[in-house]
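Take a look at the structure below.
None of the values given here were measured: they were computed from a predicted structure. We count ligands from 1, going down the list as the structure has it; atoms in each ligand are counted the same way.
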Amino acid sequence: MFELKPYMVQYVFDTFLVTMMGIQRSEHKREDDEIVYWQEKLVKDALYSKTIKPWWLQLEWILPLTENRKQLRIARENILDFTYNITRKAISHTALQDNNKISQRPKPTFNNYWNCVEELRNNVTSKSCEIQNNITEATTFIILMLAMHTEVQEKLREEISVTFNNKKVDAQHLLSMRYFHMVYQETLRLFPIVPIISRQLIGDIKLESCTLPDGCYVMIPILAIHRNPAYWYKPLEFIPERFSPENSSSRIRYTFIPFGTGLRDCLGKYSII
Ligand code: HEM
């Protein structure tokens, strides 16, 4: 069996380095491979820690004694050091290109992150790993869908050649790719990368059959909503056309929520491509 994911992990990491940090992968090859390994470790732990681990491994005083926790600490330190180093490098690259005009420029966003790095230590490393993991999963599912639906692949290939026609890839052209957006949304409908989100109530909610009390947790089953036949025609089939503008206008609100919804929805939802 051919494993696609390891290739996608590397690809997304490369893209992350170039687009967020302005660093080419070749500059860091060996170090990069190690970081990808540590990132995977952190993501797996974040996903499985609260749900699958036996209760005694969830006790705060036992955790630091376990081998896994030691490994996670090393993972966090390594990822943070790596980010810190390439951030410094990215900033000095820009400064050099700017011929000492650095004081006239607005501060790079990463300067802020860099200054309060201690405070953000745990959050930043695990968040950045989760984000890269989400993009890797989404990209992997898109490639899988394209491999299984060659007619869709052909249409997308056509759109790519018409859009770019050997021109430079930029945000403006990417945003104009309507069919790609349909493929992308249909993939996230069938395979929402975050299949369940939750909210804690800050007041009672009266439903027809019962009242949900203040303080309780409500699970929102994104995967089940996305595949519910009450809202979706042939829900298990891959049909990108259901996301065309004309077919989207009649869609019921909140039946497609791959990025969550409300005040705490995904911050990156507009930045994915
Ligand atoms: C296909 C890729 C992605 C998917 C499917 C995804 C999905 C999600 C979901 C479902 C949530 C929870 C929302 C909720 O509870 O309502 C979330 C939160 C978040 N996402 Fe994403 N995400 C993706 C990529 C990204 C990217 C690229 C970024 C940053 C550039 C990002 C940053 C965040 C942040 C910061 C939060 C937490 C927001 C908060 O708690 O207020 N995500 N994401």
Side-chain angles (χ1 to χ4, degrees), residues 4-5 7-23 36 39-40 42-44 46-47 49-51 79-80 83 86-87 90 108-114 116-117 119-146 156 171 174-175 177 180-202 205 212 216-228 238 240 243 253-273:
L4 181 60
K5 194 158 171 213
Y7 293 94
M8 298 318 293
V9 170
Q10 300 282 352
Y11 162 76
V12 169
F13 186 63
D14 285 358
T15 312
F16 177 79
L17 285 186
V18 175
T19 56
M20 306 270 289
M21 305 289 190
I23 300 281
V36 168
Q39 285 191 338
E40 287 268 282
L42 273 191
V43 169
K44 273 191 194 133
L47 291 178
S49 58
K50 288 274 156 38
T51 44
I79 294 169
L80 202 78
T83 317
I86 57 176
T87 304
T109 319
F110 277 103
N111 249 357
N112 300 334
Y113 154 65
W114 190 21
C116 52
V117 100
E119 209 182 304
L120 292 173
R121 215 170 173 87
N122 289 329
N123 268 345
V124 166
T125 44
S126 49
K127 211 20 144 187
S128 125
C129 296
E130 276 169 42
I131 290 169
Q132 285 182 52
N133 182 63
N134 284 353
I135 301 175
T136 306
E137 301 257 332
T139 320
T140 309
F141 277 121
I142 292 176
I143 303 275
L144 178 68
M145 288 298 98
L146 292 178
L156 189 57
L174 283 173
L175 287 170
M177 291 175 65
F180 170 71
H181 279 274
M182 285 152 58
V183 171
Y184 169 66
Q185 293 187 88
E186 177 65 343
T187 307
L188 285 183
R189 182 189 68 82
L190 268 177
F191 306 102
I193 310 306
V194 182
I196 294 182
I197 53 175
S198 67
R199 294 287 189 270
Q200 187 175 21
L201 299 191
I202 53 167
I205 294 192
L212 303 175
C216 87
Y217 284 91
V218 177
M219 309 305 282
I220 301 156
I222 300 181
L223 183 107
I225 296 170
H226 283 188
R227 295 182 177 203
N228 188 333
F238 182 73
F243 282 97
R253 210 176 164 196
Y254 301 128
T255 52
F256 180 63
I257 47 169
F259 299 105
T261 183
L263 292 176
R264 299 301 297 266
D265 70 350
C266 176
L267 276 184
K269 67 180 172 186
Y270 295 116
S271 70
I272 308 302
I273 59 158

- [ ] Answer with side chain, backbone, both or neither: which part of Ile257 has a heavy atom less than 4.0 angstrom from an atom of ligand 1?
- [x] neither

- [ ] Please work out whether any backbone atom (N, CA, C, O) or any side-chain heavy atom from C-beta onward of Pro192 is under 4.0 Å from ligand 1, and answer side chain, backbone, both or neither.
- [x] neither

Open item on the list: Counting neighbours of CZ on Phe238 that are heavy atoms of other residues, nucleotides or ligands and sit closer than 6.0 Å, is the number greater than 12?
Closed with: yes

Task: Distance in Å, Glu137 CD paired with Thr187 OG1, rounded so as to fall on 0.5 Å steps - done: 13.0 Å

- [ ] Working to the nearest 0.5 Å, report the span between CG of Leu188 and CZ of Phe141.
- [x] 10.0 Å

Task: pair Val12-Thr139: side-chain heavy atoms closer than 4.5 Å - done: yes

- [ ] Taking the side chain as every heavy atom from C-beta outward, state whether Val183 and Met145 have any atom pair closer than 4.5 Å.
- [x] no

- [ ] Using non-hydrogen atoms of the residue, decide whether Arg199 is closer than 4.0 angstrom to ligand 1.
- [x] yes

Task: Heavy-atom gap Gly262 to ligand 1 smaller than 4.0 Å - done: no

- [ ] Go through Ile220 and Thr261 one step at a time and tell me if the side chain to side chain contact (heavy atoms under 4.5 Å, CB included) criterion holds.
- [x] CA-CA 10 Å; Ile220 301 156; Thr261 183; 5.8 Å; no

Considering the heavy atoms of [X], write down every atom of ligand 1 situated less than 4.0 Å from one of them.
X	answer
Gly260	10 (C), 13 (C), 14 (C), 16 (O)
Ile135	27 (C)
Pro258	5 (C), 7 (C), 10 (C)
Ala138	1 (C)
Thr261	16 (O)

Task: Winner among Ile142, Thr136, Val194, Leu267 once heavy atoms are compared against atom 35 (C) of ligand 1 - done: Leu267

Open item on the list: If you take the nearest heavy atom of each of Ile222, Leu188, Asn134, Thr187, which one is closest to atom 6 (C) of ligand 1?
Closed with: Asn134

Open item on the list: Tell me whether Arg264 has any N or O atom under 3.5 angstrom from an N or O of ligand 1.
Closed with: yes

- [ ] Flag this pair as yes if the NZ/CZ of Arg227 is under 6.0 angstrom from the six-membered ring centre of Phe191 and inside a 45 degree cone about the axis; otherwise no.
- [x] yes

Open item on the list: With a 6.0 Å cut-off on the ring centroids, do Phe243 and Tyr184 count as close?
Closed with: no

